[in-house]
Every structure is written in C-alpha cells, then in structure tokens.
There are 2 protein chains.
Amino acid sequence: MSEATQSLQERLAAIIAQTPPGMRLPSEPDLAREMGVSRASLREAMRTFEMQGMIHRRPRAGTYVMQPPAVIESGLEVLESIDTLAARMGLPVCMGDVSIQKRLATREEATALGLMESALVLDIRRSILTQKKAVAYLIDVLPEGLIGDEEMCEFQGSVLDLLLKRGSPSLQSSRCEINVIQANRELAKVFGIQRGDGLLMFRAWLYTVSGQVIDYSFSYFLPGYFRFHVVRRVGQVINPNLNPTIK
Amino acid sequence: MSEATQSLQERLAAIIAQTPPGMRLPSEPDLAREMGVSRASLREAMRTFEMQGMIHRRPRAGTYVMQPPAVIESGLEVLESIDTLAARMGLPVCMGDVSIQKRLATREEATALGLMESALVLDIRRSILTQKKAVAYLIDVLPEGLIGDEEMCEFQGSVLDLLLKRGSPSLQSSRCEINVIQANRELAKVFGIQRGDGLLMFRAWLYTVSGQVIDYSFSYFLPGYFRFHVVRRVGQVINPNLNPTIK
DNA sequence: AAAATTAATTTGTCAGACAATTGACGGATT
DNA sequence: AATCCGTCAATTGTCTGACAAATTAATTTT
C-alpha cells in the first residue's frame, strides 16, 4: 500500500473516530474537497472501513458511523508479539530463561516449515514472567540460517518483533490454531502447576508474502493472565471456492 | 452493500480464485472492460480483496494473486454457529438436553446486555453430542421478549442461526473472548470429566448493527474435538484512537 | 393542518485523462 | 559473446467531470 494511501486512510480513520456513532459523515464531495483528494480516492478508502464494519453506506442517504463493536483492532486478528501485548495490557513482564539451540527438524516441523526432513532448525524457547511467576512459555522453530548470530544477540524476546524490525522477508499473516492442552511434565515445571492442569495453547504458522512458512511456534498461556479476543463478522467475507487448479 | 457491488465482488473473487498464486491479474483497464464495469468500480472491489490479503498491488507493475494463507475464510473471524461448523468439519452431531427458562438477569448479564438489573432474560442451555458424548456446552442469554414462543418451537440448536434466519434485528459482529477454565461440578457432569479438567471457553457478545448486545453467551468445548483458528494480519488494520468524545 | 408536489442531496457508477515508475526489449559497448 | 544502458510501452494511482436513481427536506396546494 502506498504511503499516500496510508496517510489518507489514517486521516479518514481519525475523522470517523471523531464522529459520534450513528452520525452521518459529510457527503463524499464535501469530504473529498475537505481532505484534498478526489472522490474516487476517497471512495476507495471508504471501502476499507466499510469492510471493517466501521461505517455503513446507505445509497442516496449518506454514510453513517457505526457503533464500534468494542475495539475492532485490538483482538487476535492483528498479529503482535506477546511482549507488545503484555505491555499494552499494562502487565509488567520480563523474559525468563532463554534456550536457543540448533537441531534437526522433527517430521512435524519439517512439514510445517516446508523443509527437508534432515534440515536444521533454530529452536528458541523462553518464558514470560510477571512477578517472578511464569505466565507464558513460547517456542519458536525457524529454518536454520534465517537469522544470523549477530542478530540473535539483540534478541529481545520476540521473534516476530525481530523479523518485523529487520523488514525482510516481508511478513503477511499468521495462522493461529487455538487449543487447550493438559500440562506435561516440562510445562508443569515451567509454570509451577500440576501435570494435567489446563493450559491455553496457540499453534501458529507465520507466512511471508510469498506464502512460505518461516516460523512455526507453540505458545502456552497460564489461564487468567491474558485475555484474547476475536471480532467475528456476520458473513461479510466473500468465499470463493479456492483455486481448483492447484487444490 | 448493494446487489450490483456484491455481484461484482463475487465475480472478481472467482477470477482471483482461478488465477494461480503468484500470477498477475489482467491490467485494470482490461479487467474492467472484460467484466463490463468501470475502472473506478473495479478498483473499489479490488481494495476489498487487497484488505483480505488475497491480492497484492504493485504500483506500475501489476496486481498479483497471493498465496492463500491456508483458508482465510474458515477461521473464527467469520461468525457461524457451532452446528454449521461441526457439519463442515464432518462431525456428526446432535443436540443434547435443552433447557430454556425465563429468569432474572444477574448483574453481570444485565451489564453485558445493557439491561436494567431487574430485567428478565431468556436462558438457553444445551449440549452438543457426538457419538452420545458431549463435546460442547452452550449457554445463551438474551433479553426476554426478543424471541417469541412460537419461534422457540422451531429452535434447531443455534440461537445465531435463528436470528440470522429471521433477519431482524440485523446482526453485525460478535466479540468473542477466549479462555481456559477448570470444569466446575456442573460442567464436569455434562462432559463426564473430572472437576478441574481444562475446558476451552468462549465468552461472546453478539452485536446488532445498531451496536446493541442481544446475546451474551458462554460456550464450553472439550479439547480435541474442535479446531479453531484465526488468521492474524501483520499491521494492516488502521488503528485510530477511539472516539475520545464518547470514551 | 394535512397532503401532495417539488427541489436539493447523496451515493453508485461511468468515461476519459495524466503522472510516475516499472520492466522488457533492443542496441551499444567491452 | 556477454554485459551494460537507454528507450519505450505498460500499469497502477490519482484526478476531473458527469449522470442516474433514490432519499430527504422544503415548498406549495388542498
């Protein structure tokens, strides 16, 4: 997305945010003039927010600001590191023991990352502490060689943040599977809980824009310390039958 | 969204789906001519799919079809009933015991639904069985009077499907909070598990287009029978500071 | 005062145009 | 023969101006 477009979207977002829910926005010609862009460009940006359910366009009547369904952007649909999340939730956290090792990929990991079975992977494990108590345990598995040793030195606790900061390869999205598991011995020890106690688990595949998986991760969370949510939409997403020639 | 717009989006979705990932789409003038719409309209539709990450537009180079990140539309971001989900996953399910009662709202429920503390609510509880084993337990709390008695007769197991079928009030989205809890006595009995065993829990607020909550629900899932996932995007969502005049 | 008519708005769509940059092609150079 | 470089068509981003259809407000009529 171009910079100008980004700027237009941000400015429009601000205008929408400053308009009380239920109120009508200025008409498109007025708003376009006011913002110094053409009506066509404005309409494209409008479509963005219509997709997000932030505005509702009634033909020949006007464009209305919707009641914000809580906070549309603060849910799981936006990918951010646990550290960033914890910081935003006001939870004072620090990184516990870090374990970094190179090893052979398991079959599961090789499949997930699209590697040969004998490939080497980088295994990064660390816990997140709050008040000296582990509340999250994160395991990232990446193809070996992706991150240089000198880069590893400035590892702050988040593989995602490191990749984002580096800027390459460009990341697109993460597929995150949500599960509940019973703590095994390793996890029980990490969290100081009983074996068999329930833990929230995310299994995630991090995709680049080219569609490759460059991070396969497991995240375990002690119940009660994190609050994840998703905004689910009522049938707005167009759902074509996916590429039959490839499938 | 108008019907013509819907049609254009569906046709464009089909074209995108039929184009192998990585390939370039026809240029905008060509595609617009081919589809019989103006370039401006086509670009608005394009923006929709760019938002979804299905295409990538490179200025002065072309529009490229992205590798579909697994199935973008089958995650939690689309709101569908457990019954619909189970059916799609090929899980043969049936509805277990149903309990419907009118009662006074608890303080928590009154807050969630925006009702007076002494208001009446409709409490619907039911379990979902597969092979005579409970795998999910659903509790919906709605304002009393929203659903008529005659409508309750054709209750098939999903409040959401009932509301969607009726069409009014128009639903917009659901805010779904994800948690893990330890089974209490009631839940242990329902699922036939031990007290303290971990369960996946969704707490959800169902919003109408006018921003009102019309369903406050708790859903409990036995681990292993359902697979929920979310596609998380890397910073595409514009995040304005929400309405300061209202907040 | 109420109803009917009229006029002004507003979104949806279209056609045509220009700018800036990319990427491929051909030619020149080493 | 291989490489480098300039040229040029192609493509997206953006703009201007316009019209249709329906809604909404204002005006007129009964």
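First the proteins, then the strands, lettered A, B, ... as listed; each starts at 1.
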Rounded to whole angstrom units, what separation is found between the [atom1] atom of [X] and the [atom2] atom of [N]?
X	N	atom1	atom2	result
A:Arg60	D:dT24	CZ	P	11 Å
B:Met35	C:dT13	CE	C1'	15 Å
B:Leu31	D:dG13	CG	P	14 Å
A:Tyr64	C:dT11	OH	C1'	11 Å
A:Leu42	D:dG13	CG	P	16 Å
B:Glu28	D:dA10	CD	C1'	12 Å
A:Arg47	D:dT14	CZ	P	16 Å
A:Arg57	D:dA22	CZ	P	19 Å

query = Is any side-chain heavy atom of A:Arg43 less than 4.5 Å from a side-chain heavy atom of A:Glu28?
reply = yes
Taking only side-chain N and O atoms of [X], does any of them lie within less than 4.0 angstrom of OP1 or OP2 on [N]?
X	N	value
A:Arg24	C:dT10	yes
A:Ser41	D:dC15	yes
A:Thr63	C:dT10	no
B:Arg58	C:dG23	yes

Steps toward side-chain hydrogen bond (donor to acceptor under 3.5 Å, both in side chains) verdict (A:Thr48, B:Arg47) = CA-CA 7 Å; A:Thr48 299; B:Arg47 179 62 78 87; 2.8 Å; yes
task = Using distance alone, with no hydrogens and no angle criterion, decide if A:Tyr64 and A:Arg57 have a side-chain donor and acceptor under 3.5 Å apart.
result = no
ask   = Can you name the closest pair of heavy atoms from A:Phe218 and A:Glu108 and give their distance?
value = CZ-OE2, 3.5 Å
query = What about A:Arg39, does its side chain sit under 3.5 Å from the base of D:dT14 through a donor-acceptor pair?
reply = no
note = Side-chain atoms of A:Arg43 come closest, of C:dT11, D:dT12, C:dG23, to C:dT11
remark   = Among D:dT24, C:dT13, D:dT12, the one nearest any side-chain atom of B:Ser38 is C:dT13
request  = Determine the interplanar angle of the A:Phe221 and A:Phe202 rings, folded into 0 to 90°, and report it as parallel if under 30°, tilted if 30 to 60°, perpendicular if over 60°.
outcome  = perpendicular
note = The residue, B:Pro26 or A:Gly36, whose nearest nucleotide of DNA chain D is more 5′ is B:Pro26
